[in-house]
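Structure record follows, encoded as structure tokens.
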Amino acid sequence: MKPSRRHFLGLGAATLAGAMLPENLRQALAIPAHRETGTIMDVKHVVILMQENRAFDHYFGSLRGVRGYGDPHAEIQADGSSVFAQKDGNGRAIWPFLFDTVHTSAACLKSLDHSWKGTQAAWNEWDSWVPHKTPMTMGYFTRKEIPYYYALADAFTICDAYHASLFGPTNPNRLYFFTGTSGLSVGATGKQAVDNVDDGNWSADMAHDNPKFIPFDWTTYPERLQEAGVSWKFYQEYDNFGDNPLASFRQFRNLDHKDWRYQNARSIVPGSNKENMHELEGRYLLDAFEHDITSGTLPQVSWIVPPAALSEHPEAPPGFGEHLISKLIDIFVRHPETWAKTVFILNYDENDGFFDHVPPPVPSLANQGGQTVPTTGEDYHGEPVGLGPRVPALIISPWTKGGWVNSQVFDHTSVIRFLEKRFGVMCPTITPWRRAVCGDLTSAFDFENPDAAWTAELPNTDDYLPQTRLSCAHPPPLVPEKGSLPVQEAGQRPSRALPYRFDVEVRPDEPAKLRFINTGTQGVVFRIRQTGKASEHLTVAAGQSSAFPCISRGIVEVYGPDGFYRFFRPETGIGFSLETPLKTSRLVLSCTAPSAVKAQVLNHYSGKIDEQVIDRNPGLFEISNLTTSHHWYHLELKDESGKTLLALAGHVQTGQPSHSDPHMGQAPPARR
């Protein structure tokens with residue numbers, strides 16, 4: 001049974017009262033991390049809560065210091081317009097617009113289309129949002145509308161390159177989350193691999209199986225934890241909204257209630273039943289969770305499955321999800337000895353139909369350009385699966401406090417890999433491609449020195465949650481007649497060190513070939529856009545290199561993680577390479593040309609212009625001190641007429657923490 005709007009409105013103000021939003025975060029920040037070894041082994045409990053159907057830009061595109069609406073290198077569409085100006089069927093540009101919760105019921109908007117992408121070709125240029133998802137796809141919230149989530153981001157760590165596991169709906173994404181695959185890597189190529197497939201049997205009562213539904217039968221990750229002796233448990237009420245996919249596995253059906261599989265994965269928390277499933281949603285779940293903390297029986301791994309009204313699945317408002325998370329933080333604060341040893345991961349299964357401006361990494365099944373990573377298990381009937389749009393992910397823990405941003409590429413299998421890292425229990429169903437390009441979340445933590453002094457400016461949101469309930473009765477939101485790019489909050493935030501060291505170069509003797517070099521410890525997916533061609537993807541494994549043919553005339557652009565960007569014109573014959581020594585703050589751009597070109601290079605961070613004549617002898621353009629821009633660079637080489645010949649931007653990783661791009665949230669540079 002899908003909950004109705006009346007069901008969501010029925011969550012009364014009395015239920016929502018009493019959440020001390022600012023105070024509980026202040027108290028959580030004051031609790032020092034448990035430290036025995038200064039490593040991940042100090043983590044004793046991992047608590048994981050996956051919410052429903054929200055995109056990163058939709059929630060956090062206006063947050064300070066993340067890759068949001070102020071992205072200085074957001075893609076330009078084929079017609080020269082911004083990727084944020086998505087076209088409807090009549091060619092009208094629909095810009096992101098505010099979901100005003102004071103005057104409209106935007107917080108309670110109904111769900112948009114969020115089915116499987118169908119074909120990569122339909123989404124390859126990232127310009128199909130409005131025709132497929134309606135103009136509501138462009139709606140977004142700000143700090144004013146979801147203040148508690150912004151406060152969490154300011155207090156702990158937000159990941160701005162965390163993607164859904166595939167461009168599709170809830171069930172296959174949650175299969176990745178709990179098993180490492182939606183079936184493709186174990187040979188199950190049926191509809192469940194990309195679509196919602198279950199029989200609606202969401203409760204623990206397995207007496208009503210649909211004979212047309214064939215349960216899944218591969219091994220889930222919780223089973224692997226059980227075999228290894230790692231304790232785990234699901235916390236869920238009678239209404240779990242179908243968000244526990246273990247209900248779809250043969251080995252978790254028709255169980256004796258004393259069976260460990262029933263006790264750990266299928267049981268309903270005490271007090272919750274069919275008769276009271278619409279009363280005080282979340283109360284029984286929270287009580288059971290705190291009871292286990294108090295009694296000393298909290299397992300090493302806990303999965304919390306919220307009821308529908310608190311899941312944030314449209315039309316469930318974000319404020320009700322904030323209520324649940326705030327109550328969980330309250331519990332942690334009441335039990336500081338447990339909190340000091342806990343990692344709490346809050347993420348979202350998929351984007352619903354909401355827009356995000358960053359195209360996701362996908363593998364190339366054609367292996368063009370010498371892709372160096374196998375794509376086994378990433379092929380669905382000839383379509384590359386790859387990752388889906390970005391979704392919110394917050395890592396909330398004594399080891400992640402400080403308002404950090406982490407920009408390493410992650411997906412739902414990254415959570416399993418974090419558990420692998422901590423407990424040594426491997427998940428063989430994760431594909432080689434995902435292991436190559438997605439991290440294991442450990443870069444989001446500082447286990448050695450987690451308790452540096454830090455304070456947060458937290459909002460006063462005491463009356464926010466009751467107002468959320470009232471806002472659902474307002475008129476629906478409307479698309480503005482005129483749109484514009486939203487303003488992202490100004491300023492930087494500290495950023496975690498990432499395992500990236502990669503580059504793209506063009507050699508003087510090979511002007512029509514891109515050379516990709518990856519000397520880092522993480523694989524990288526490059527997105528290559530060339531005049532007159534569909535966008536292409538190339539995966540280069542850690543420690544590998546690859547060559548990729550390019551057009552002879554027009555424009556070539558290359559995008560990579562952590563703000564990486566390259567632009568050049570092959571017909572100029574210009575060769576280029578970038579030297580970024582690991583142990584210094586020096587950067588040197590080396591350029592050649594087949595004949596003499598009087599060129600100038602603009603450093604967009606310092607404003608300095610360096611003029612040189614480049615020819616077959618390399619011209620060298622140097623930035624002597626990258627620390628002034630926190631190791632971010634953006635160089636643009638122009639000829640005498642002012643025409644851009646070459647542009648290079650990115651972030652030099654040094655192995656040390658840094659800060660987000662100083663240009664994030666500012667007016668974007670002029671594009672060519």
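Since the structure is predicted, the reported quantities are computational estimates derived from the model, not experimental observations. Residue numbers count from 1 along this sequence.
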Scan side-chain atoms only and decide if Asn124 and Ser535 contain a donor-acceptor pair under the 3.5 Å cut-off.
no
List for me each residue that meets side chain to side chain contact (heavy atoms under 4.5 Å, CB included) alongside Thr119, sequence neighbours excluded, and say none if there are none.
Ala121, Ala122, Glu383
Between Glu448 and Thr39, is a side chain to side chain contact (heavy atoms under 4.5 Å, CB included) present by the stated rule, with each step listed?
CA-CA 6 Å; Glu448 293 186 15; Thr39 71; over 6 Å; no
Would one find more than 12 heavy atoms of other residues, nucleotides or ligands at under 6.0 Å from atom NZ of Lys87?
yes
Non-hydrogen side-chain atoms of Lys513 and Pro549 separated by less than 4.5 Å:
no
Check the pair Phe621, Leu635 against side chain to side chain contact (heavy atoms under 4.5 Å, CB included), reporting the backbone distance first and the verdict last.
CA-CA 9 Å; Phe621 302 88; Leu635 300 175; 5.6 Å; no
Is there a side-chain contact between Ile158 and Leu152 (heavy atoms, below 4.5 Å)?
no
Before you tell me yes or no, could you show the steps for Leu626 and Tyr605 under side chain to side chain contact (heavy atoms under 4.5 Å, CB included), namely the whole-Å CA-CA distance, both residues' side-chain angles and the distance that decides it to 0.1 Å?
CA-CA 10 Å; Leu626 278 172; Tyr605 287 99; over 6 Å; no
Considering residues at least two apart in sequence or located in another chain, which fulfil the ring-ring contact (aromatic ring centres under 6.0 Å, His included) criterion with His163?
none
Look at the rings of His357 and Phe84 and say which category their plane angle falls in: under 30° parallel, 30 to 60° tilted, over 60° perpendicular.
tilted
Can you say whether the rings of Phe167 and Trp123 are parallel (under 30°), tilted (30 to 60°) or perpendicular (over 60°)?
tilted
With Tyr565, which of Phe526, Tyr633, Tyr559 fulfils ring pair (Phe, Tyr, Trp, His ring centres under 6.0 Å)?
Tyr559
Hey, are the side chains of Ile574 and Leu637 touching, using non-hydrogen atoms and a 4.5 Å cut-off?
yes
Using salt bridge (Lys or Arg N to Asp or Glu O under 4.0 Å) as the criterion, list what pairs up with Asp356, not counting sequence neighbours.
Arg390
Does anything in residues 558-568 form a salt bridge (Lys or Arg N to Asp or Glu O under 4.0 Å)? List the pairs, not counting sequence neighbours.
Asp503-Arg566
Could you tell me how the ring of Phe516 sits relative to the ring of Phe548: parallel (under 30°), tilted (30 to 60°) or perpendicular (over 60°)?
perpendicular
Full working for side-chain hydrogen bond (donor to acceptor under 3.5 Å, both in side chains) between Asn603 and Ser606:
CA-CA 6 Å; Asn603 180 339; Ser606 69; 3.2 Å; yes
Any side-chain heavy-atom pair from Val373 and Pro363 closer than 4.5 angstrom?
no
Test side chain to side chain contact (heavy atoms under 4.5 Å, CB included) on Tyr162 and Tyr348; report intermediate values, then the result.
CA-CA 10 Å; Tyr162 187 111; Tyr348 290 72; over 6 Å; no
Evaluate the side-chain proximity of Phe445 to Ile40: yes if any heavy-atom separation is below 4.5 Å, no if none is.
no
Give the intermediate values and the outcome of salt bridge (Lys or Arg N to Asp or Glu O under 4.0 Å) for residues Asp154 and Arg493.
CA-CA 9 Å; Asp154 288 345; Arg493 64 179 56 234; 2.9 Å; yes
Smallest heavy-atom separation, Phe576 atom then Leu648 atom, equals CD1-CD2, 4.0 Å
Test ring pair (Phe, Tyr, Trp, His ring centres under 6.0 Å) applied to His58 and Phe141, Phe97, Trp129, the passing residue:
Phe141
Hey, what do you get for OG (Ser629) to NE2 (His651), rounding to the nearest 0.5 Å?
8.0 Å
Return each pair, listed once, that meets salt bridge (Lys or Arg N to Asp or Glu O under 4.0 Å) where at least one residue sits in residues 611-622; pairs must be two or more places apart or across chains.
Arg586-Glu622
Just so I know, are the side chains of Leu602 and Lys608 near enough to count as touching, which here means a heavy-atom distance under 4.5 Å?
no
Show the numbers, then the answer: is there a side-chain hydrogen bond (donor to acceptor under 3.5 Å, both in side chains) between Ser443 and Tyr500?
CA-CA 11 Å; Ser443 62; Tyr500 294 131; over 6 Å; no
If the plane angle is over 60° it's perpendicular, under 30° parallel, otherwise tilted; pick one for Phe60 and Phe56.
tilted
Set of salt bridge (Lys or Arg N to Asp or Glu O under 4.0 Å) partners for Lys533, sequence neighbours left out
Glu536
